[in-house]
There are 4 protein chains.
Amino acid sequence: MQSRIPASRATGGRPRNAAADTAILAATREALVDLGWSKLTLGDVATRAGVAKTTLYRRWAGKNELVVDAVAELFDELRLPDRGSLAADIEGVVLQFAAILARPEAKSGLMAVVAESTRDDALRERIRASIVDRQKRLVLEGRARALTRGELPPEPDPATATRTIDLIFDVVAGAVVHRTLVSAEQADEDWVRDFTRLLLHGLTPLGGARGGANRPPQNPAGSV
Amino acid sequence: MQSRIPASRATGGRPRNAAADTAILAATREALVDLGWSKLTLGDVATRAGVAKTTLYRRWAGKNELVVDAVAELFDELRLPDRGSLAADIEGVVLQFAAILARPEAKSGLMAVVAESTRDDALRERIRASIVDRQKRLVLEGRARALTRGELPPEPDPATATRTIDLIFDVVAGAVVHRTLVSAEQADEDWVRDFTRLLLHGLTPLGGARGGANRPPQNPAGSV
Amino acid sequence: MQSRIPASRATGGRPRNAAADTAILAATREALVDLGWSKLTLGDVATRAGVAKTTLYRRWAGKNELVVDAVAELFDELRLPDRGSLAADIEGVVLQFAAILARPEAKSGLMAVVAESTRDDALRERIRASIVDRQKRLVLEGRARALTRGELPPEPDPATATRTIDLIFDVVAGAVVHRTLVSAEQADEDWVRDFTRLLLHGLTPLGGARGGANRPPQNPAGSV
Amino acid sequence: MQSRIPASRATGGRPRNAAADTAILAATREALVDLGWSKLTLGDVATRAGVAKTTLYRRWAGKNELVVDAVAELFDELRLPDRGSLAADIEGVVLQFAAILARPEAKSGLMAVVAESTRDDALRERIRASIVDRQKRLVLEGRARALTRGELPPEPDPATATRTIDLIFDVVAGAVVHRTLVSAEQADEDWVRDFTRLLLHGLTPLGGARGGANRPPQNPAGSV
DNA sequence: ATGTAAACGAGACGGTACGTCGTGTCTTGAA
DNA sequence: TTCAAGACACGACGTACCGTCTCGTTTACAT
């Protein structure tokens with residue numbers, strides 16, 4: 001979680017300027033918006049932050065680590081609202097997630113570091129710790145709340161529960177990311193409602209092709 | 001679809017060496033495997049292909065365009081098998097997709113160019129044309145086949161049908177990509193079976209928690 | 001003297017376009033004026049001449065050879081006028097030489113190929129044959145005319161005569177070139193008159209410091 | 001005189017490595033000897049000097065400026081010896097000048113930058129300041145010494161004196177350069193003696209064709 | 001208050017890759 | 001066989017960043 005390089009442990013010496021961290025991360029996000037990941041340079045970030053390049057390298061190992069931290073802060077605001085039902089909870093959290101992903105600094109930065117992480121285990125671990133796990137925890141909380149409400153059956157086997165949670169997480173996060181970045185369409189309220197219905201009921205909600213009268217016509221999921 | 005820079009004129013002048021294209025794209029994939037997207041250099045690709053750097057720049061505008069074409073060829077083999085049922089068809093095509101994504105040249109290259117495409121509309125269009133649409137067509141074919149089999153109800157409104165197809169595509173592709181790249185886990189047969197069940201039946205298949213006897217106990221979907 | 005590559009001796013085949021030579025040399029001089037030697041490119045010359053690069057390389061071995069030929073044509077107009085006295089003849093020919101050197105295509109090209117010739121014996125020989133010897137012949141003619149007029153004593157020893165002619169040639173040509181290119185001043189009529197007087201009478205015309213009354217005050221030579 | 005690009009600021013930042021300048025200029029002369037001006041590349045010079053290409057570009061604007069500085073150092077050793085008479089002084093200094101010009105790094109480099117300077121006023125000024133003026137000063141000193149000795153008559157008009165000095169300088173420097181580079185012959189002691197005699201006494205030393213007995217027979221000047 | 005030690009700004013440094021340009025060769029089809 | 005056109009292998013260009021380094025200066029804490 002703590003991805004910055006720690007300061008020297010010796011007592012003496014001038015302490016680090018704490019404001020610099022904030023300024024650097026903000027400058028990084030600003031540069032992501034202006035330039036995107038591939039054109040972002042650490043020299044430029046340092047200049048934007050009003051800091052020497054040395055200071056930056058004293059605290060982060062490189063561009064990837066810096067961008068992970070800068071993007072991770074965007075996900076701090078992610079919360080699981082209690083909207084009364086599982087469907088409403090899912091819609092709420094997915095909308096929040098979509099709103100963050102819609103920001104250009106997230107778009108530019110997140111996928112780039114994920115792409116980098118395919119060849120760098122330490123980087124992937126860092127992303128997992130500071131970004132992904134934070135999201136996955138919401139799935140856990142949501143499931144617990146649904147269990148309490150009786151909306152989902154309890155799963156006695158913990159291994160199966162973990163598998164299911166991982167699956168749901170990949171489906172939810174993957175769908176929103178794909179919609180936003182690949183299809184380049186907004187994950188708006190309509191889409192989220194459709195998605196939630198698909199997630200809860202699937203393509204063939206009644207086990208066959210009997211489109212029931214209880215499904216509103218504007219809902220496409222389940223009637224492909 | 002045609003992303004290479006076209007040759008200057010129909011007549012006059014030495015024609016382009018057609019074999020060079022093949023060699024360059026193969027060299028690009030090789031370099032993606034060895035170095036990953038961010039460390040891949042066009043000079044190195046040219047050397048691997050036994051070609052001058054200028055030849056490369058004569059045909060592709062830059063690294064992104066080259067990588068898109070190189071990765072796109074990986075998806076040429078993607079086909080929709082006829083396995084007799086909608087569930088089996090989905091499992092088949094998702095497994096194929098997962099197998100391609102598991103290859104390091106796809107992992108490294110695909111997400112990187114998608115990340116780049118967030119700031120480059122032409123690049124996104126190129127990705128859509130040469131990679132994404134090819135995948136989406138499988139969804140269309142699969143739906144048509146399921147309709148023929150009577151596994152899905154017909155959708156009279158074409159706009160709704162399009163929305164649904166887009167949604168399913170984002171869910172399927174997004175889930176596999178997220179599983180493979182972010183969670184960094186293999187999308188193996190077990191996972192694909194779980195995913196397909198979730199896609200078809202949702203989390204609450206019968207509107208409640210009545211897991212049927214026909215579901216094997218190792219299947220977590222629908223019983224969170 | 002003939003520095004172009006000869007056409008193939010075989011009878012058959014399309015004959016060379018004779019006008020191309022003229023056009024290429026003119027284009028070379030034009031490019032020398034516009035760009036100078038170091039920025040002149042053979043592709044650009046070919047374009048200016050309305051000729052393919054191949055045609056150019058079929059006739060000249062390279063940039064140096066081409067520029068030598070192009071510059072050599074400038075010296076075709078150099079003639080020894082008969083102005084009635086040795087001094088007047090010298091002034092006449094030096095003024096002509098200076099006028100040619102004042103042209104930008106000569107300035108740019110001549111010294112550059114001379115510089116190149118310090119490392120290329122074939123090039124130096126070509127310069128000697130097509131440019132330098134043509135100039136030196138004027139010295140020979142001028143001396144012959146002066147001998148006829150009785151302005152100079154005959155030199156019985158041919159080796160000594162050659163040495164002297166070489167010396168005079170280096171002094172005359174060197175002085176004009178240095179004035180024009182290094183000092184970057186015009187070799188105008190006043191300068192040529194001063195130079196001729198120095199050449200004929202030296203710094204100490206009467207073997208001492210007795211500046212004669214016959215020298216006009218505006219003449220500096222001999223009264224340093 | 002100072003042709004290097006100055007360092008950024010007085011205070012702050014790592015200071016420039018002074019030894020690099022020396023190494024770069026020496027490497028430049030070495031490359032001039034090995035390759036000549038036109039084949040000399042800044043990358044090669046940097047490698048020879050054990051320095052990064054960027055370091056080189058940080059200090060010199062380009063090839064021409066670098067070569068001027070490298071060649072200028074060759075002329076540092078040029079001194080006016082006191083050999084007792086004007087003729088002997090001239091011979092001495094001309095021999096020194098010829099010795100420098102005979103070196104391949106001077107041959108290759110000097111004329112090339114002079115050729116370049118015909119299209120670049122700043123370069124010509126730089127050459128003048130760091131090479132030419134240093135030579136011309138010797139003419140001034142030589143004249144002053146000759147005046148003291150009474151070998152030359154004083155010139156009351158300063159403008160005429162300047163004109164004369166410029167003329168003599170162009171004659172001396174031009175003759176040696178032409179002899180060395182164009183005629184490609186050594187300016188050895190014999191030639192220098194002949195040249196000096198011509199400079200002092202001219203072609204017609206006694207106003208006619210009466211070769212005096214005091215001239216040794218091996219001297220051709222004055223008896224053309 | 002003074003010494004010590006680290007952080008800091010500035011920027012030079014050795015590298016690597018960039019994307020472009022010029023060279024001289026070649027390969028085509030037309031004349 | 002020449003010519004126009006232009007692709008090609010090669011290699012240098014001058015620039016931009018990288019991540020490291022070396023300065024002189026500043027800032028806190030321990031003496």
Side-chain angles (χ1 to χ4, degrees), chain A residues 7-17 20 39-47 50-63, chain B residues 7-18 20 39-44 46-47 50-59 61-63, chain C residues 7-17 20 38-47 50-63, chain D residues 7-18 20 39-44 46-47 49-59 61-63:
Chain A
S8 291
R9 282 281 146 251
T11 348
R14 175 176 173 175
R16 282 197 183 157
N17 178 356
K39 299 216 183 309
L40 175 150
T41 71
L42 296 199
D44 178 62
V45 169
T47 304
V51 142
K53 218 172 25 146
T54 339
T55 299
L56 212 153
Y57 276 104
R58 224 173 264 125
R59 304 181 187 208
W60 282 276
K63 181 166 159 173
Chain B
S8 287
R9 300 205 313 121
T11 181
R14 177 176 174 173
R16 283 197 185 157
N17 179 354
K39 298 215 186 310
L40 175 151
T41 70
L42 296 200
D44 179 62
T47 303
V51 140
K53 216 173 20 153
T54 34
T55 297
L56 214 152
Y57 279 106
R58 213 174 277 123
R59 303 181 186 209
K63 182 167 161 173
Chain C
S8 291
R9 281 281 146 253
T11 349
R14 174 173 170 175
R16 279 196 185 161
N17 178 354
S38 66
K39 299 216 184 308
L40 175 151
T41 71
L42 297 198
D44 180 62
V45 169
T47 303
V51 141
K53 227 177 10 154
T54 336
T55 299
L56 212 153
Y57 276 105
R58 222 174 266 125
R59 304 180 187 208
W60 282 275
K63 181 167 161 174
Chain D
S8 286
R9 301 208 310 123
T11 179
R14 178 175 173 173
R16 283 200 183 153
N17 179 355
K39 299 215 183 311
L40 175 152
T41 70
L42 296 201
D44 178 62
T47 304
V51 140
K53 213 169 31 147
T54 35
T55 298
L56 214 152
Y57 279 104
R58 214 173 277 124
R59 302 181 186 208
K63 183 166 159 173

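First the proteins, then the strands, lettered A, B, ... as listed; each starts at 1. Everything numeric in this text was worked out from a predicted model, so none of it was measured.
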Between Lys63(C) and Leu40(C) (side chain of the first, backbone of the second, donor and acceptor by atom type, cut-off under 3.5 Å), is there such a pair? yes
dA5(F), OP1 or OP2 - any side-chain N/O from Arg16(B) closer than 4.0 Å? no
With respect to the phosphate group of dA16(F), does any side-chain polar atom (N or O) of Thr41(A) fall under 4.0 Å of OP1 or OP2? no
Shortest non-hydrogen separation from Leu56(A) to Leu42(A) and the atoms involved: CD1-O, 3.7 Å
Separation of [N] [atom2] from [X] [atom1] (nearest whole Å):
X        : N       : atom1 : atom2 : result
Leu42(D) : dG14(F) : CG    : P     : 6 Å
Lys39(B) : dC17(F) : NZ    : C1'   : 13 Å
Asp44(D) : dG14(F) : CG    : P     : 14 Å
Leu56(C) : dT25(E) : CG    : C1'   : 14 Å

My understanding is that only residues two or more places apart in sequence, or in another chain, count here; which of them pass side-chain hydrogen bond (donor to acceptor under 3.5 Å, both in side chains) with Arg59(A)? Asp21(A)
With sequence neighbours excluded, tell me which residues meet side-chain hydrogen bond (donor to acceptor under 3.5 Å, both in side chains) with Arg16(C). none
For Ala52(A), enumerate each residue passing the side chain to side chain contact (heavy atoms under 4.5 Å, CB included) test, keeping only those at least two apart in sequence or located in another chain. Thr54(A), Thr55(A)
Whichever of Gly50(A) and Leu40(B) has its nearest DNA chain E nucleotide further upstream toward 5': Gly50(A)
Nearest 0.5 Å, what's the CG-OG1 distance between Asp44(C) and Thr41(C)? 4.5 Å
Summarise protein proximity over nucleotides 22-31 of chain F in one line of letters, 5' to 3': B for base, S for sugar-phosphate only, - for none, counting protein heavy atoms closer than 4.0 Å. B---BBS-S-
Base dG24(E) to side chain Lys53(C), donor-acceptor N/O within 3.5 Å cut-off: yes
The answer to which of Asn17(C) and Ala18(B) contacts DNA chain F further toward the 5' end, by nearest nucleotide, is Asn17(C)
From the options dG14(E), dG9(E), dA9(F), select the nucleotide whose nearest atom is closest to the side chain of Ala52(A). dG9(E)
